[in-house]
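Letters A, B, ... mirror the listed sequences (proteins, then strands); counts begin at 1. Source: prediction; values computed, not measured.
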Amino acid sequence: MDMIHPPPVDASALRARMRDLNDDYAAALDDLDFAGWAGFFTDDCHYRVVSLENFKEGLPLSTMECHGAGSLRDRIAAIKTTAVFEPRTLRHIVGGVRIVQPADDDIRAQASFAIFESLSDREPHLFMTGRYLDRVVRAGDTLKLQERICVFDNYRVRTSLVFPV
Amino acid sequence: MTTDTLLDIPPPAPATDTIKPVSTWQLRRWPETRDTSIPAWIYSDPSLFAREMEVFYDGPGWSFVGLECEVDLPGAFKRSWIGQRPVIMVHGEDGAINVLENRCAHRGSMLCWENKGVVKDFTCPYHHWNYDLQGNLLGLPFFRGAMGKGGMPRDFQKSEHGLRKLRVATLGGIVWATFSDQAPSLEDYLGEEIHGLVWRATGSGKKKLRLLGYNRQLLPCNWKLYLENSRDPYHATLLHSFFLTFGLLRTDTAFKAVPTIGGRHAIMASTYSAATAGQQNEVTKQLASLKTDFTLEDMEVVKPVDEMGDSSMINFSVLPSVFFQQHGNSLALRHLIPKSVSETELSWTHYGFVNDDEDMNRRRLKQANLMGPAGYVAIDDSEVLAKMQPVAESAPESVQVVTMGGTGHVPQDTMLTETLIRGFYSYYREKMGL
């Protein structure tokens with residue numbers, strides 16, 4: 001998957017549903033509702049947070065990577081149980097949702113994200129920007145993420161990436 | 001302001017040999033209990049920082065630059081840094097790796113703006129001075145002027161205006177460089193023990209390195225806070241409960257903390273046993289941070305295989321710029337790049353080997369979740385150091401205590417020691433004259 005924007009296809013209903021999914025996904029992360037966050041993914045999901053630098057060069061290293069729902073739960077458990085970090089509030093803004101392939105059995109979508117971070121004793125700052133590159137499947141009436149690759153634009157992460165993107 | 005007041009300003013005093021500017025760091029005094037005290041001003045004094053860059057990064061030591069496999073064909077280059085100074089690592093036409101200061105010899109502008117690429121030569125964007133892959137000045141526009149006007153003086157020698165070329169050495173596929181003519185050979189600078197460990201970490205001459213990717217983070221702290229952290233096994237037994245819980249590093253297994261060359265470098269060697277990894281005993285029960293009820297659904301992230309064949313995980317810190325990481329099967333070089341007295345870039349280059357099989361490749365990538373800006377273990381460090389810096393700045397005369405394990409800096413066979421930090425500051429004070 002390269003970073004050139006493929007032309008959008010006419011799938012306005014699907015596009016509206018992906019906007020809803022992304023808004024709800026952002027709300028779950030803003031609320032630090034990680035069980036809710038994991039609920040957006042399929043059991044066999046692939047979740048990856050990767051720098052634009054690695055992504056463009058095709059390098060396999062991720063900053064955060066989960067294969068399957070169990071691995072998402074491990075990430076959540078580590079955040080809650082063992083990780084030591086400064087309290088913070090995050091605000092996820094997702095926009096520019098596009099459906100680049102509407103095929104029913106293999107929907108491909110993209111969106112841009114911006115994450116603002118407010119540390120315990122600081123004003124908000126822009127923490128990270130990037131793009132979601134998604135493979136989406138229908139699960140009954142809902143859409144689920146089978147793959148979400150979060151490609152962040154930052155050359156460097158500011159201090160730490162504590163929570164999922 | 002009137003002209004009169006301007007004229008009132010006395011002329012500058014004539015320069016003499018006896019008057020030299022004094023920087024604030026030269027007025028500092030290390031606390032009396034020298035071997036076990038660290039004054040907080042070393043983390044916040046900009047004049048001290050400037051001196052450190054001269055002594056440790058411009059001085060007679062060797063710095064990490066990159067991996068040979070990152071520039072594996074003629075003309076391939078990568079940008080890097082030695083301290084605050086930008087450099088270019090480039091594969092020359094003759095096959096040798098050159099390291100050039102990324103600074104045009106003309107007006108000092110940054111020559112190369114791309115992080116990586118392949119070129120035939122380098123052209124400065126500002127006035128188009130052009131250099132070959134060895135840094136020699138090939139040509140410049142309007143050398144003889146135009147229409148009989150302008151141009152360089154007749155005696156201008158291109159051979160005298162090349163890029164600054166650094167001394168380069170490679171070891172195990174890793175590229176090192178120094179600005180100094182006085183630096184000993186890389187082998188002597190590293191010393192026998194570190195030289196052997198670099199060789200071990202890079203496949204002992206039997207394997208070729210393979211780049212897996214980068215993690216970069218900007219830490220809001222002085223570079224020495226990170227360097228100390230990477231020489232401090234004591235904190236790892238307490239802060240990093242993820243390590244403890246899954247037995248990747250624990251106080252009840254054999255461990256060695258070895259300062260080398262008077263504290264210049266530092267080795268931390270631990271043993272790993274899959275058999276005892278999950279067990280608890282009298283020692284582990286004392287640790288409040290051990291989360292006995294915490295398990296993982298995907299245990300491969302904490303189950304390494306013994307790829308070096310010695311049941312050991314050996315991590316070591318090479319002054320001034322690099323930490324060799326072996327955590328499970330996650331191998332990485334952590335490049336320490338000071339940006340200012342209070343900001344440090346930490347760049348992780350993760351690697352494996354060309355002949356890694358699919359299982360090993362998966363293991364390396366999965367276990368990389370422990371490290372980097374989002375690491376199960378490494379988050380703890382970046383968060384703690386970020387909260388240390390403002391406190392250090394708020395009370396520069398305050399003093400830290402490093403007495404765990406005694407007052408000297410000899411090798412010790414326990415994690416419960418600060419011998420490596422004491423060793424570093426012994427070496428540091430000697431080189432800085434503090």
Heavy atoms, side chains only, cut-off 4.5 Å: are [X] and [Y] in contact?
{"X": "Tyr155(A)", "Y": "Asn115(B)", "result": "yes"}
{"X": "Glu57(A)", "Y": "Glu70(B)", "result": "no"}
{"X": "Leu61(A)", "Y": "Asn215(B)", "result": "yes"}
{"X": "Val84(A)", "Y": "Leu239(B)", "result": "yes"}

Relative to chain B, which segment of [X] carries a heavy atom at a distance below 4.5 Å: side chain, backbone, both, or neither?
{"X": "Phe163(A)", "answer": "neither"}
{"X": "Thr159(A)", "answer": "both"}
{"X": "Asp74(A)", "answer": "both"}
{"X": "Arg48(A)", "answer": "neither"}
{"X": "Asn154(A)", "answer": "neither"}

From [X] atom [atom1] to [Y] atom [atom2], the distance as rounded to the nearest 0.5 Å:
{"X": "Ile379(B)", "Y": "Leu161(A)", "atom1": "CD1", "atom2": "CG", "answer": "6.5 Å"}
{"X": "Ser62(A)", "Y": "His350(B)", "atom1": "OG", "atom2": "NE2", "answer": "10.5 Å"}
{"X": "Arg75(A)", "Y": "Asn369(B)", "atom1": "CZ", "atom2": "CG", "answer": "5.0 Å"}

Practice item. Take Glu86(A) and Lys387(B) through the test salt bridge (charged side-chain N to carboxylate O under 4.0 Å, His left out) and record every step on the way to the result. Key: CA-CA 8 Å; Glu86(A) 180 179 357; Lys387(B) 300 315 279 180; 3.0 Å; yes

Practice item. May I ask you to name which of Arg73(A), Met64(A), Arg158(A) has the most heavy-atom pairs under 4.5 Å with chain B? Key: Arg73(A)

Review point. Given the options Ser51(A), Ala77(A), Ala83(A), Ala69(A), which has more heavy-atom pairs under 4.5 Å with chain B than any of the others?
Key: Ala77(A)

Practice item. Decide yes or no on salt bridge (charged side-chain N to carboxylate O under 4.0 Å, His left out) for Glu53(A) and Arg216(B), but give the supporting numbers first. Key: CA-CA 10 Å; Glu53(A) 180 183 21; Arg216(B) 302 183 197 276; 2.8 Å; yes

Please find the pair of heavy atoms, one from [X] and one from [Y], that lie closest to each other, and give the distance.
{"X": "Thr82(A)", "Y": "Asp380(B)", "answer": "O-OD1, 4.2 Å"}
{"X": "Thr63(A)", "Y": "Ala374(B)", "answer": "O-CB, 3.5 Å"}
{"X": "Leu59(A)", "Y": "Tyr214(B)", "answer": "CD1-CE1, 3.8 Å"}
{"X": "Pro60(A)", "Y": "Arg210(B)", "answer": "CG-NH2, 4.2 Å"}

Practice item. Give the intermediate values and the outcome of salt bridge (charged side-chain N to carboxylate O under 4.0 Å, His left out) for residues Glu383(B) and Arg88(A). Key: CA-CA 12 Å; Glu383(B) 289 293 299; Arg88(A) 65 200 63 202; 2.4 Å; yes

Check your understanding: Around Asp43(A), counting heavy atoms of other residues, nucleotides and ligands shown, do more than 12 lie under 6.0 Å from its CG?
Key -> no

Check your understanding: Side chain, backbone, both or neither: which part of Lys116(B) has an atom under 4.5 Å from a heavy atom of chain A?
Key -> side chain

**Study point:** Donor on one side chain, acceptor on other, Ser382(B) and Ser160(A), under 3.5 Å
**Key:** yes

